[in-house]
There are 2 protein chains.
Amino acid sequence: MNLPPLIQAFVLHFGEMGSRWGINRTVGQIYALLYVSPEPLNADAIVEALGVSRSNVSMGLRELQAWNLVRVRHVPDDRRDHFTTPGDVWEILRVLAEERKKREVDPTLSVLRELLMQAPASEAERHAQARMAEMHGLIEQLTNWYEDVRKLETERLAQLLALGSRVARLVEVTDKVVSLGRSRKKEPSDDRSAEWRGGLNRPASREKK
Amino acid sequence: MNLPPLIQAFVLHFGEMGSRWGINRTVGQIYALLYVSPEPLNADAIVEALGVSRSNVSMGLRELQAWNLVRVRHVPDDRRDHFTTPGDVWEILRVLAEERKKREVDPTLSVLRELLMQAPASEAERHAQARMAEMHGLIEQLTNWYEDVRKLETERLAQLLALGSRVARLVEVTDKVVSLGRSRKKEPSDDRSAEWRGGLNRPASREKK
DNA sequence: TCGCGATTTCAGGAATTTCTGAAATTGCAG
DNA sequence: CTGCAATTTCAGAAATTCCTGAAATCGCGA
């Protein structure tokens, strides 16, 4: 690797961090390199900058494209593909959130739903299902919230962020106004467990050894 | 592994998911098992339930304790340690957020700060630093926001979540109200929003000292 | 179509992580 | 202190993931 020290430090850090983020070292390094590069790079330039094999770079770019974190850009008079990261960091944040949700949250949500549909066959299963329902409820709330704020334009999102917890005061005030206007209480009871009871009971006995 | 099918499916899922979450299979399984267990389990019970070695369970519990995701509980008349997860899912969410931030975000933030303090030695480094500054700015905004909402009680937090993007409308309205009554002065200290409002549309390099 | 440079695929070796059994340690009751 | 059960440590085996070079494939211009 032969890069200006500042850039090298950045690239190496992303490489090391990669493992904590569920990506491998090379992928982290490629991303970091593209992120700070002033113009799109072709694969060979990356090979040279990072000192890894051509095929490794090819696979890394592949993975980053699957994550929507790098894009192909064609440079005039050059037959080779060139690669960049989205320029706007907010855009990157959105992509990251979306992809991590897809990989880390959605599968669990769907497994939980499936398990909650089955009829418990014992007291232990009944209790477990209640716990799963709690987890499911929380995740669903979070993803609903995410779906909501995802739609906001960047500028509004930034405003919300900047407000931070002061938003809570707003909510408090609004609450008062609302409860003054309505004598009815608003929180609908969540009989989540009832909702799930009484489904089909698939055998689903996957053994693992 | 010899568990009721529902529980087994849950445990296996967490085991498989573990790798995407940066923990290993056994750790994921132990966590899942404790999460759905109606009472604290001792290490041998876990060994039997999951069919892994005693030492593996010991290491897994160790890691989960480092994550603050399981706690030791002493059962009367039993010399062995027993383990549980925090019961409240919101509590779990807080712990998770805190720990992931500590492991995945803070190190990068500190590296970025360090790199941004160095004088760039070339045009390439200057550009890279500008990009790093953008990234640093975004991460700092996010962590500031997180610090803020972290302090909210669970109930308020849940309210905010439930509001979702409707909060944006609130902000919008408040914005108008504020700008209508612009002559009144607010506390100058909490004007973080204004600081960012200016430069957000263009990701021009906002400098960070 | 052919030729050729760019790119991807893939088998297998290297590196890393996970898991285990045996040995060491801890801590408590007698 | 001794003995013993509970627990942890740790070296190396097993499993998994990462990386490479060689070969296959692609894509485009002639």
Side-chain angles (χ1 to χ4, degrees), chain A residues 1 11-12 14-34 40-67 70-84 103-104 208-209, chain B residues 1 11-12 14-34 40-67 70-84 103-104:
Chain A
M1 188 183 304
V11 165
L12 289 179
F14 266 67
E16 281 160 26
M17 234 35 203
S19 61
R20 300 198 188 177
W21 279 84
I23 62 178
N24 67 44
R25 175 162 50 251
T26 307
V27 171
Q29 291 184 351
I30 293 174
Y31 180 76
L33 182 65
L34 291 178
L41 298 178
N42 64 56
D44 285 321
I46 299 173
V47 166
E48 196 184 350
L50 301 183
V52 296
S53 75
R54 182 63 183 70
S55 53
N56 198 3
V57 168
S58 177
M59 294 198 292
L61 286 170
R62 214 137 209 288
E63 182 167 352
L64 285 168
Q65 280 174 283
W67 274 81
V70 314
R71 289 170 191 169
V72 186
R73 182 95 77 73
H74 283 280
V75 172
D77 296 338
D78 195 331
R79 196 158 126 190
R80 299 168 296 180
D81 283 346
H82 288 238
F83 302 88
T84 4
R103 288 167 171 74
E104 302 182 357
K208 175 151 188 247
K209 201 63 221 310
Chain B
M1 187 182 305
V11 165
L12 289 179
F14 265 67
E16 282 160 26
M17 232 37 202
S19 61
R20 301 197 187 177
W21 278 84
I23 62 178
N24 67 43
R25 177 162 50 249
T26 308
V27 171
Q29 291 184 351
I30 294 174
Y31 181 77
L33 182 65
L34 292 177
L41 299 179
N42 64 57
D44 284 321
I46 299 173
V47 166
E48 196 184 350
L50 301 183
V52 297
S53 76
R54 182 62 183 70
S55 52
N56 198 3
V57 167
S58 178
M59 287 167 128
L61 286 170
R62 211 138 212 291
E63 182 167 352
L64 284 168
Q65 280 174 283
W67 275 79
V70 315
R71 289 169 189 168
V72 186
R73 183 95 78 72
H74 283 280
V75 172
D77 297 339
D78 195 332
R79 194 159 127 190
R80 299 167 298 181
D81 284 347
H82 288 238
F83 302 88
T84 4
R103 289 168 172 74
E104 303 182 357

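Sequence lines set the chain letters: A, B, ... in the order given, protein chains first and strands last, and positions in each chain run from 1.
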For the residue pair A:Val11 and A:Leu50, what are the closest heavy atoms and their distance?
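Taking A:Val11 first and A:Leu50 second, the nearest heavy atoms are CG1-CD2, 3.7 Å.
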Taking all non-hydrogen atoms of both residues into account, name the closest pair between B:Val57 and B:Ala43 and its distance.
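Scanning both residues completely, I find the closest heavy atoms to be CG1-O, 4.0 Å.
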Please report the distance, rounded to the nearest Å, between [atom1] in [X] and [atom2] in [N].
{"X": "B:Asn42", "N": "D:dA6", "atom1": "CG", "atom2": "C1'", "result": "10 Å"}
{"X": "A:Leu41", "N": "C:dA6", "atom1": "CG", "atom2": "P", "result": "16 Å"}
{"X": "A:Ile23", "N": "D:dT17", "atom1": "CD1", "atom2": "P", "result": "16 Å"}
{"X": "B:Leu50", "N": "C:dT18", "atom1": "CG", "atom2": "C1'", "result": "15 Å"}
{"X": "B:Gln29", "N": "C:dT18", "atom1": "CD", "atom2": "P", "result": "13 Å"}

Nearest 0.5 Å, please: how far is [atom2] in [Y] from [atom1] in [X]?
{"X": "B:Phe83", "Y": "B:Leu64", "atom1": "CZ", "atom2": "CG", "value": "10.0 Å"}
{"X": "A:Arg73", "Y": "A:Asn42", "atom1": "CZ", "atom2": "CG", "value": "13.5 Å"}
{"X": "B:His74", "Y": "B:Arg79", "atom1": "NE2", "atom2": "CZ", "value": "12.0 Å"}

Would you tell me if any nitrogen or oxygen in the side chain of [X] comes within less than 4.0 Å of OP1 or OP2 on [N]?
{"X": "A:Arg54", "N": "C:dT7", "answer": "yes"}
{"X": "B:Thr26", "N": "C:dC19", "answer": "yes"}
{"X": "B:Asn24", "N": "C:dC19", "answer": "yes"}

Going by modelled atom types, is there a donor-acceptor pair between the base of D:dG21 and the side chain of A:Ser53 at under 3.5 Å?
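There is none.
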Between D:dT20, C:dC19, C:dG21, which one does the side chain of B:Arg25 approach most closely?
C:dC19
Contact list please: residues 70-84 of chain A against DNA chain C, heavy atoms, distance less than 4.0 Å, in numerical order.
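A:Arg79, A:Arg80, A:Asp81 - these, ordered by number, are the residues of the stretch whose heavy atoms sit under 4.0 Å from the strand.
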Side-chain donor/acceptor pairs under 3.5 Å, residues 14-22 of chain A, sequence neighbours excluded:
from    : atom 1 : to       : atom 2 : distance (Å)
A:Ser19 : OG     : A:Glu16  : O      : 3.3
A:Arg20 : NH1    : B:Arg103 : O      : 2.9
A:Trp21 : NE1    : B:Glu104 : O      : 3.4

Which part of the nucleic acid, if any, lies within contact of B:Ser19, taking any heavy atom under 4.0 Å across all strands shown: a base, the sugar-phosphate backbone alone, or nothing?
nothing
Show which side-chain atoms of residues 26-34 of chain A pair as donor or acceptor with protein atoms under 3.5 Å away, not counting sequence neighbours.
from    : atom 1 : to      : atom 2 : distance (Å)
A:Thr26 : OG1    : A:Asn56 : ND2    : 3.1

Test side-chain hydrogen bond (donor to acceptor under 3.5 Å, both in side chains) applied to A:Arg80 - qualifying residues, sequence neighbours left out
A:Asp78
According to side-chain hydrogen bond (donor to acceptor under 3.5 Å, both in side chains), who are the partners of B:Ser53, at least two apart in sequence or on a separate chain?
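So B:Ser53 forms a side-chain hydrogen bond (donor to acceptor under 3.5 Å, both in side chains) with B:Ser55.
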Near-strand residues of residues 56-65 of chain A, defined as heavy-atom separation under 4.0 angstrom from DNA chain D:
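Going residue by residue through residues 56-65 of chain A, the ones with a heavy atom under 4.0 Å of DNA chain D turn out to be A:Asn56, A:Met59.
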